[in-house]
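Here's the structure, in structure tokens; my notes come after.
To find a chain, count down the sequence lines: A is the first, B the second, and so on, and within it residues start at 1.
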Number of protein chains: 2
Amino acid sequence: MTTEENIINAAKEVFVRKGFQGAKMQEIANEAGINKALLHYYFRSKEKLFEQIFSGAFQQLIPALSKKLDEITDIESFIRFFVPFYVDFIQKNPHLPQFVLHELSQNPDRIRSLAANQGFPLSKLSVMIDRAVAEKKIRPIETHSLVINILGLIIFPIIARPMIEGVIFNQNTKSYQNFMAKRSDEVVETILNSIKPQSN
Amino acid sequence: MTTEENIINAAKEVFVRKGFQGAKMQEIANEAGINKALLHYYFRSKEKLFEQIFSGAFQQLIPALSKKLDEITDIESFIRFFVPFYVDFIQKNPHLPQFVLHELSQNPDRIRSLAANQGFPLSKLSVMIDRAVAEKKIRPIETHSLVINILGLIIFPIIARPMIEGVIFNQNTKSYQNFMAKRSDEVVETILNSIKPQSN
DNA sequence: AAATGGTTTAACCATTTAGTTAAACTAATA
DNA sequence: TATTAGTTTAACTAAATGGTTAAACCATTT
């Protein structure tokens, strides 16, 4: 592992855990097992180092998603694919959403450096939804709403973990984990139910 | 307005906007139009000042909620009451959730200083849900899941605003606002649909 | 083996920031 | 009016922190 990769890994760890303000250059240096000056030698400033980490935060996800989206043509299949896929990704990177959301709320302009900008293929989804609505397989719903509903149901319990574990599960970590283990199925069921055509 | 209230208001503003690390005592002093030393005179340290703000962050909400919960006995009524009630509260304090969630993720122990600890009356909800399930008015669902679904659908689009506005609405603030104006109704519909009894 | 170019370090600097202090001010009271 | 208790301020301190510098180190080339 090169020094540069080493630094990137350490910085990713610290930035995601502490946020931009909370992360200290010394701590990143410690985490990487190197001198603080070396950090500045490789990435002139904290800001530049951060940009590097941050703009890469998404790229892992989008490609795999886009690819799969070409094979799938109906909305139910998409949901059944996407939800477990995304739940899995997020559970492997549980601090990532809170990190991204926090930094974005501190400095909304950073959105421009976010690869996801080019990214999320909403139009393909819209087509699927429109057709399903036309065929009366689902109730009418805006694409935005459906996407945001799905993301919210998945992301919220992750970023609100301390609150949920504390307030809803009375500090019982096991209960929370048990809840999360079933979360993917629960979200799929909730979403599919929520878009079923109205029977009255 | 006393100096103390004045400081509290200023500090609330700055803390919620910038988070604990991001907030500077000087900035709070400026915001309150006073000297920095006076801050320390009233609230010995930044930590103590923060505690005061943070532990009060919820108390506004719980009482009104608990009261109403005594009048309501069925789950659908609860949802129809709670969702707009909470959406309204959150839209008046849009930075509050991100603030609370971020600080909690930085320091999960702070949950203990959160009034909500005593708070959320889950048991009353469980009773309503169990009855509705028994009467086959809704599908079986765990109380935790329903509560988290509701909160997620409401809170997520608020804390993810920069991301949603950027990625989903192409930086068009009007589109976002238009979306949010209809959000309360959309959430109610989504939730009620999602718990309808299965028709197959 | 001397020179060279990239890498790493210890020591340092400048600025920011939480917190302190002592003195000045103010209003009530003896 | 003099005292006193509480309030406010300017000036200060100490520590933390981002960033710089000059020297040391190391591998490769001449």
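- Within the model, atoms CZ of A:Phe54 and CZ of A:Phe20 stand 11.5 Å from one another, a figure rounded to the nearest 0.5 Å.
- Within residues 46-54 of chain B, the residues having any heavy atom under 4.0 Å from DNA chain C are, by residue number, B:Lys46.
- Residue contacts shown for B:Ala29 are absent, as no nucleic acid heavy atom lies under 4.0 Å away.
- For D:dT30, the paired nucleotide is C:dA1, the pair qualifying as Watson-Crick or G-U wobble because both relevant distances are below 3.5 Å.
- Taken residue by residue, residues 7-14 of chain B places no heavy atom nearer than 4.0 Å to DNA chain C.
- B:Arg44 has its CZ atom 13 Å from the C1' atom of C:dA18, to the nearest Å.
- The nearest pair of heavy atoms linking A:Val188 to A:Pro84 is CG2-CD, 4.4 Å.
- Look at NZ on B:Lys18: it is 14 Å from C1' on C:dT17, rounded to the nearest Å.
- Formation of a donor-acceptor pair under 3.5 Å by the B:Lys24 side chain with backbone atoms of B:Gln21 is found in this model.
- A:Glu27 places its CD atom 15 Å from the C1' atom of D:dG18, with the value rounded to the nearest Å.
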Donor-acceptor pairs under 3.5 Å, side chain of residues 7-19 of chain A to any protein atom, not counting sequence neighbours: which ones?
residue: A:Glu13; atom: OE2; partner: A:Arg17; partner atom: NH1; Å: 2.9
residue: A:Arg17; atom: NH2; partner: A:Glu27; partner atom: OE2; Å: 3.0
residue: A:Lys18; atom: NZ; partner: A:Glu27; partner atom: OE1; Å: 3.1
residue: A:Lys18; atom: NZ; partner: A:Glu27; partner atom: OE2; Å: 3.1

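- Taking atom CD of residue A:Gln26 and atom P of nucleotide C:dT16, one finds them 20 Å apart after rounding to whole Å.
- Rounded to whole Å, atom C1' of D:dA15 lies 13 Å from atom NZ of A:Lys24.
- B:Asn170 contributes no side-chain N or O that, together with a main-chain N or O of B:Asn172, makes up a donor-acceptor pair within less than 3.5 Å.
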Ignoring hydrogens and angles, write down the donor-acceptor pairs under 3.5 Å from the side chains of residues 122-129 of chain A, residues two or more places apart or on other chains.
residue: A:Lys124; atom: NZ; partner: A:Asp70; partner atom: OD1; Å: 2.7
residue: A:Ser126; atom: OG; partner: A:Leu122; partner atom: O; Å: 3.4
residue: A:Ser126; atom: OG; partner: A:Thr143; partner atom: OG1; Å: 2.9

Could you list the donor-acceptor pairs under 3.5 angstrom formed between side-chain atoms of residues 148-156 of chain B and any protein atom two or more places apart in sequence or on another chain?
residue: B:Asn149; atom: OD1; partner: A:Arg183; partner atom: NH1; Å: 3.0
residue: B:Asn149; atom: OD1; partner: A:Arg183; partner atom: NH2; Å: 2.7
residue: B:Asn149; atom: ND2; partner: B:Ser145; partner atom: O; Å: 3.4

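- Distance A:Phe43 CZ to C:dT7 C1': 14 Å, rounded to the nearest Å.
- The CZ atom of B:Phe20 sits 13 Å away from the P atom of C:dT17 (whole-angstrom rounding).
- Within the cation-pi definition used here (under 6.0 Å to the ring centroid, within 45° of the axis), A:Lys68 does not qualify as a partner of A:Phe85.
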| task | Verify salt bridge (charged side-chain N to carboxylate O under 4.0 Å, His left out) between B:Glu76 and B:Lys137, making sure each step is shown before the conclusion. | result | CA-CA 10 Å; B:Glu76 179 171 339; B:Lys137 285 184 176 168; over 6 Å; no
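- When all heavy atoms are compared, the tightest approach of A:Lys48 to A:Arg44 is CD-CB, 4.4 Å.
- With a cut-off of 3.5 Å on both pairing distances, the Watson-Crick or G-U wobble partner of C:dT15 is D:dA16.
- Atom-to-atom, NE2 of B:His40 to P of C:dA22 comes out at 17 Å; the value is rounded to the nearest Å.
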| task | If a protein heavy atom is under 4.0 Å from the base, mark B; if only from the sugar-phosphate, S; if neither, -; do that for nucleotides 7-14 of chain D going 5' to 3'. | result | BBBB----
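- Here the CD1-CG distance, from A:Ile34 to A:Leu39, works out to 5.0 Å after rounding to the nearest 0.5 Å.
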